[in-house]
Amino acid sequence: MNKPPVRTQGLTKVFYDDNRGEVRAVDQVDLTCQKGEILGLLGANGAGKTTTLRMLSTVLQPTAGRAWVMGHEVRDEPERVRGSLGFYSASTALYPKITPRETLRFFARMNRYPSDQVDDRVEELVRRFRIQDYADTRVEKLSSGMKQKVSIARTVVHDPPVLIFDEPTVALDVLNAIELRQFISQLRGEGKAILFSTHIMSEAEQLCDRIAIIHHGEILATGTLDELRETTGLHYLEEIFVRYAQVDDPVQAARENLR
Amino acid sequence: MALRQIWTLYVHEVRSALRERSILVGSILIPLVMYPALLWAGFAGLSFVQGQADRLTSRVAVHGLPDAHRSLVDSLEANGRISVTEWDDDPATGRERVATGGLDLLVQFREASEGATALDDNFRVTIYYNAAQDRSRSARSRVESTIDSYRRNWINVARQDLAIPDPVWADFAMARDDVATIEESTRFLLAMIVPFLTLIMVALAAFYPAIDATAGERERSTWETLMTLAVPRSHVATAKYLYVATFGAMGGLLNLVALTLSLRWILQPLAGADAQELAQAGIPLSTLPVIALGTALLGLFVAAGMLVFAIFARNFKEGQSMITPFYLVVILPAIFVQSPDIEFSTGLALLPVVNVALLLREAIMGSVPVLPALITLVSMAACVAVAVIFAQWVMRNEEVLLGASEGGLWSFLKRRIGNGRAAT
């Protein structure tokens, strides 16, 4: 069997905090994500989702453990890892002073898309995302919906086999969020391996083929929604999450997470 | 491949910067237009004020004027810009009026001291003036020269009365003649001004790009986008460094060009030469490459230093406060250049920034000492290399990378060297 495009083994990240001392943000995480699959990373705020995804995208270095993207290890071949994935999150904004067309060209070139095909690829995405009307307008002048389209196009411009979406709908209105989810489904259909982090249960239910529940940096369970239902005997993902996270008082747990 | 990636990143940085108004103003418009314009305005203003003062009539009061010297008043009034009144009151009141600006000058005559009474009607004069008032200083200069001239004539007449023959009496004469050509005088002035302005311009022109390349990325939330590019972080650091250095050097060079082009109008009031003469004077063409190299070296150094400080900033405000001390330290060596007595020695050539300022000064004067110039080149290149390597080392730190590092450079070093409590 082929190796999965994304694989982690005992992935761990420890931060030092002046007040709290050593903080294990991610602890011994083992994950895999297959081609044509959306793996949901479901957890509350501060559960370790973003840190895990940042390690996979080589923005952060693991303290321990290993991770591979398309066979490239994150510490040994960080540039190859970054070239194999597209990373989308609320903290990956666009450059305001350049146009969508310039943005796509820049990211295609920097992410090693064959240089003789860059222009064709950019035009293909301009058509696909219907951004022709404002492709030469500076990003700073675009509406948030327009920016979102450009941002997604930016993420996929180099046609990476692996895509990471870190809480992508968090700042979007309902319609834009629906459109984004539809697009992510399309990408799955194209055979991409997709990691999708969210704390919105309904989103994970609708979109993800498998769900990994992460809490306090640890993966508590991984499986399809049906498998999780079967294991817990519960129907709703929210109930399943609460059961795994062993949260008796969700309000109190939320307060602790915020501390 | 690496060079192409760095070039693409560099072009991307420059393109964005050229569309940023604050950078355009700080790095291009001010060096090109503002400073030459300010200099011109400053010098023209000074000349105007000087002219106004020259046109004013000096209000002079004389007290105790001996009858034998009544003609001195006529000599003073013959100036056309001196109005003389007799002061019969207490001289102390007159001095008070000078102090309060009611009078420009009080000339008090006294009897000659004992030894000087051999000449009939000899006298002593005290001039009371107010150094805090322009018009009083100007009145002093007018009155002094008139009284001096009157005194010489009077002594000459007395000498004739005493039948002292001319050859016996002849005193020495003093004359002044400036052997410097107008080119040399202009270059001297330029050598005092240009290194200072170049330092300011390079630092100013690199200031906003340095913040834009670091804190700006974080404030716009594009930093993480950049970190996910499939290029080594060192390429990102190099491209950012080149971008800041380009703008720094460009600011300095643009300022030089602007100064050269507007030399005639700026220096005319200062040098007192006519416009045609000044048009021929200027920076010697043969040393222009050295001046351009010196400016480029300054740009490279200032950019490296500013990036090292700015890399810790999480927003523009922090960036400004982190870079400002470095900015001030960089323009401080301009003091060295202001003193023509300081030689461009091999020792001073080791001191970064000071060496380039002195190199620029010598180049403008028309001669570049080879050994100090070479030492300058090596010293600056070494400083730049250290700063760039340091910046790349800092950029590898996750705290800095994610903008989670508290405080600036010193706090970071304290943490790293002190107890190594960085992110693990």
Side-chain angles (χ1 to χ4, degrees), chain A residues 12-18 21-25 50-51 53-55 57-64 77-99 102-103 105-113 115 138-140 151 154-155 158 160 164 166, chain B residues 1-2 4-24 212-213 216-236 239 395-407 411 415-416 418-424:
Chain A
T12 302
K13 183 69 187 177
V14 180
F15 289 109
Y16 185 88
D17 184 273
D18 280 339
E22 267 193 7
V23 178
R24 293 184 92 76
T50 298
T51 305
L53 297 181
R54 278 178 169 170
M55 282 190 282
S57 61
T58 78
V59 172
L60 290 176
Q61 280 223 340
T63 309
E77 300 172 284
E79 287 91 43
R80 289 194 177 278
V81 168
R82 292 198 289 270
S84 304
L85 58 81
F87 189 90
Y88 179 103
S89 84
S91 57
T92 51
L94 296 167
Y95 285 91
K97 296 288 173 191
I98 58 176
T99 67
E102 287 167 344
T103 301
R105 239 178 246 142
F106 172 67
F107 281 92
R109 285 196 182 119
M110 295 320 297
N111 288 323
R112 302 173 183 200
Y113 197 77
S115 53
R138 285 190 200 173
V139 166
E140 64 188 347
S151 217
R154 188 274 297 164
T155 309
H158 53 300
I164 294 176
D166 183 16
Chain B
M1 184 64 165
R4 211 174 62 196
Q5 286 176 334
I6 292 171
W7 175 250
T8 309
L9 278 162
Y10 170 78
V11 170
H12 164 73
E13 296 278 358
V14 171
R15 180 185 287 139
S16 292
L18 288 174
R19 292 174 184 174
E20 187 73 52
R21 193 178 300 166
S22 59
I23 294 176
L24 278 181
D212 174 63
E217 292 266 17
R218 294 201 176 101
E219 208 163 73
R220 293 188 295 261
S221 297
T222 49
W223 185 259
E224 203 163 323
T225 318
L226 196 68
M227 291 301 118
T228 59
L229 291 178
V231 291
R233 301 271 149 79
S234 57
H235 289 12
V236 175
M395 267 187 82
R396 280 203 291 272
N397 182 275
E398 284 180 353
E399 276 185 335
V400 178
L401 208 63
L402 295 177
S405 177
E406 289 287 333
S411 314
R415 278 201 304 275
R416 294 291 293 184
N419 51 17
R421 291 188 319 185
T424 50

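Computed from a predicted structure; not experimentally measured. A note on names: the letters A, B, ... follow the listed sequences, proteins ahead of strands, and every chain is numbered from 1.
Interface residue B/Leu9: backbone and side-chain heavy atoms are both found under 4.5 Å from chain A. Proximity to chain B (any heavy atom under 4.5 Å) is restricted, for A/Leu94, to the backbone atoms N, CA, C and O. Only the side chain of A/Arg138 comes within less than 4.5 Å of a heavy atom of chain B; its backbone N, CA, C and O stay farther away. At a 4.5 Å heavy-atom cutoff, the contact between A/Tyr95 and chain B is made by backbone and side-chain atoms alike.
One distance of note links CD of B/Glu224 with OG1 of A/Thr50; it measures 8.5 Å at 0.5 Å rounding. Within the model, atoms CD of A/Glu140 and CD1 of A/Ile98 stand 11.0 Å from one another, a figure rounded to the nearest 0.5 Å. Rounding to the nearest 0.5 angstrom, the gap separating the CZ atom in B/Arg21 from the CG atom in B/Leu24 is 9.5 Å. Taking CZ of A/Phe15 as the reference point, atom OG1 of A/Thr63 lies at 7.5 Å (rounded to 0.5 Å).
For chain B, the option among A/Arg154, A/Arg109, A/Arg54 with the highest count of heavy-atom pairs below 4.5 Å is A/Arg54. Listed options B/Arg233, B/Glu20, B/Arg15 were ranked by heavy-atom pairs under 4.5 angstrom with chain A; first place goes to B/Arg233. Annotation: maximal heavy-atom pairing with chain B below 4.5 Å, among A/Phe87, A/Tyr88, A/Phe106, occurs at A/Phe106.
For B/Arg19, the side chain to side chain donor-acceptor pair (under 3.5 Å) criterion is met by A/Glu102, not counting sequence neighbours. Applying the side-chain contact (heavy atoms from CB on, under 4.5 Å) criterion to B/Arg220, with sequence neighbours excluded, gives A/Pro96, B/Asp212, B/Glu217, B/Thr222.
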